[in-house]
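Just so it is clear, the model here is predicted, and its values are computed rather than measured.
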Amino acid sequence: MFRNDFEESKTSRIRVDDMRPNVIEEMLKYMYAGGNIPEKLAPELFAAANKYSLLDLQTLCENILINTMEVATVADILLLADRHTNERLKSTAVQFIVNNIKTVTATPSWKSLRQTDQDLCMDVLEKTMQERL
């Protein structure tokens, strides 16, 4: 951004409007000091890491999301994985949903997913049917 003819090179500032300040702060802390990140910020940090190609941070967030996956949030994680083309996280979320299909489909996050991405829901339901037959 600073090397090309972008606004950032003229002002020496980068404007980030699509992330909360605490997410940016945690991302910068990780970049400069490493270490752990707050679990509750893993989804937002995953998206930020993907956007800025911070592969180590993305992998750390991916592992946290996989290890803390639960019925109430797995549909949100599935959507996040799909939006950022992360096959490992996506396949883990799909399998989690398949294994817990009745309870997951009763959650508000699944109902929201049904409204925003019906194709993704159909992929999950097709996988469920394959495993049940």
Side-chain angles (χ1 to χ4, degrees):
M1 290 179 190
F2 292 119
R3 292 186 182 145
N4 296 313
D5 193 28
F6 291 121
E7 183 67 26
E8 292 84 359
S9 68
K10 296 172 187 168
T11 63
S12 296
R13 294 180 188 260
I14 297 175
R15 209 174 149 81
V16 182
D17 295 324
D18 58 347
M19 283 182 243
R20 294 183 305 138
N22 62 329
V23 174
I24 296 169
E25 181 180 348
E26 288 298 329
M27 180 178 67
L28 291 171
K29 278 184 194 176
Y30 182 83
M31 288 170 58
Y32 288 101
N36 296 324
I37 59 165
E39 282 183 16
K40 67 181 181 194
L41 292 181
E44 291 174 275
L45 284 168
F46 177 84
N50 182 265
K51 178 179 179 176
Y52 293 107
S53 299
L54 302 171
L55 300 181
D56 290 344
L57 179 58
Q58 186 174 345
T59 300
L60 177 63
C61 293
E62 176 186 331
N63 289 334
I64 290 170
L65 292 168
I66 287 171
N67 293 328
T68 61
M69 202 170 281
E70 56 187 36
V71 168
T73 59
V74 68
D76 296 330
I77 292 171
L78 174 61
L79 184 60
L80 180 70
D82 187 61
R83 294 286 187 260
H84 295 284
T85 319
N86 185 298
E87 287 305 314
R88 178 175 171 242
L89 184 57
K90 183 178 177 179
S91 65
T92 303
V94 167
Q95 192 59 53
F96 185 95
I97 294 169
V98 167
N99 294 342
N100 301 281
I101 192 73
K102 287 183 181 180
T103 53
V104 171
T105 55
T107 64
S109 64
W110 178 264
K111 291 174 183 168
S112 176
L113 182 63
R114 274 192 354 225
Q115 293 177 346
T116 58
D117 198 327
Q118 293 176 351
D119 290 337
L120 194 53
C121 290
M122 287 304 298
D123 291 346
V124 171
L125 295 177
E126 287 172 6
K127 176 78 171 161
T128 304
M129 292 303 295
Q130 288 173 358
E131 292 205 7
R132 305 269 184 218
L133 296 177

Side-chain donor or acceptor of D82 paired with backbone N/O of L78 under 3.5 Å:
no
In terms of hydrophobic clusters joined by side-chain contacts under 4.5 Å, are Y32 and M27 together?
yes
Between OG on residue S112 and CG on residue L79, distance to nearest 0.5 Å
8.0 Å
Correct closest heavy-atom pair for I77 and A93 would be CG2-CB, 4.5 Å
Separation between CZ (F96) and CD (E70), nearest 0.5 Å, reads 7.5 Å
Does atom CD of E131 have more than 12 heavy-atom neighbours from other groups under 6.0 Å away?
yes
Verify same cluster id: I24, L45 (apolar side-chain graph, 4.5 Å)
yes
For the side-chain contact (heavy atoms from CB on, under 4.5 Å) test, which of I97, T103, N99 pairs with I101?
I97
For the pair H84 and K51, evaluate side-chain contact (heavy atoms from CB on, under 4.5 Å) and give the outcome as yes or no after the intermediate values.
CA-CA 9 Å; H84 295 284; K51 178 179 179 176; over 6 Å; no
When you compare the side chain of K90 with that of L120, does any pair of heavy atoms fall below 4.5 Å?
yes
List the atom of S109, the atom of A72, and the distance in Å for their closest heavy-atom pair.
OG-O, 2.9 Å
For the hydrophobic clusters of this structure (ILVMFWY residues joined by side-chain heavy atoms under 4.5 Å, transitively), does one cluster hold both V23 and L80?
no
Please check this pair: side chain of T68 against backbone of I64, looking for a donor-acceptor N/O pair closer than 3.5 Å.
yes
To the nearest 0.5 Å, tell me how far I66 CD1 sits from C61 SG.
11.5 Å
Check M31 against L54 and note the closest heavy-atom contact, atom names and distance.
SD-CD1, 3.8 Å
Quick one: do D117 and R83 satisfy side-chain contact (heavy atoms from CB on, under 4.5 Å)? Show the steps, please.
CA-CA 11 Å; D117 198 327; R83 294 286 187 260; 3.1 Å; yes
Do I37 and F46 land in one hydrophobic cluster if side-chain heavy atoms of ILVMFWY residues count as linked below 4.5 Å?
no
Can you name the nearest heavy-atom pair linking N86 to Q58, along with the distance?
ND2-NE2, 3.8 Å
I need the M19 CE to E26 CD distance, nearest 0.5 Å.
13.0 Å
Can you tell me how far the OG1 atom of T92 sits from the CG atom of L65, to the nearest 0.5 Å?
10.5 Å
Treating T128 as the side-chain partner and V98 as the backbone partner, does any N or O pair qualify as donor plus acceptor under 3.5 Å?
no
For the backbone of N63 and the side chain of N67, can you confirm whether one donor and one acceptor N or O come within less than 3.5 Å of each other?
yes
Report yes or no: does T107 contribute a side-chain atom to a donor-acceptor pair with the main-chain N or O of W110 at less than 3.5 Å?
yes
For the CG atom on N36, are there more than 12 heavy atoms of other groups (residues, nucleotides or ligands in this structure) within a distance under 6.0 Å?
no
In Å and rounded to the nearest 0.5 Å, what is the OG to CG distance from S53 to L55?
6.0 Å
Cluster overlap L28 with Y30, hydrophobic side-chain contacts below 4.5 Å:
yes
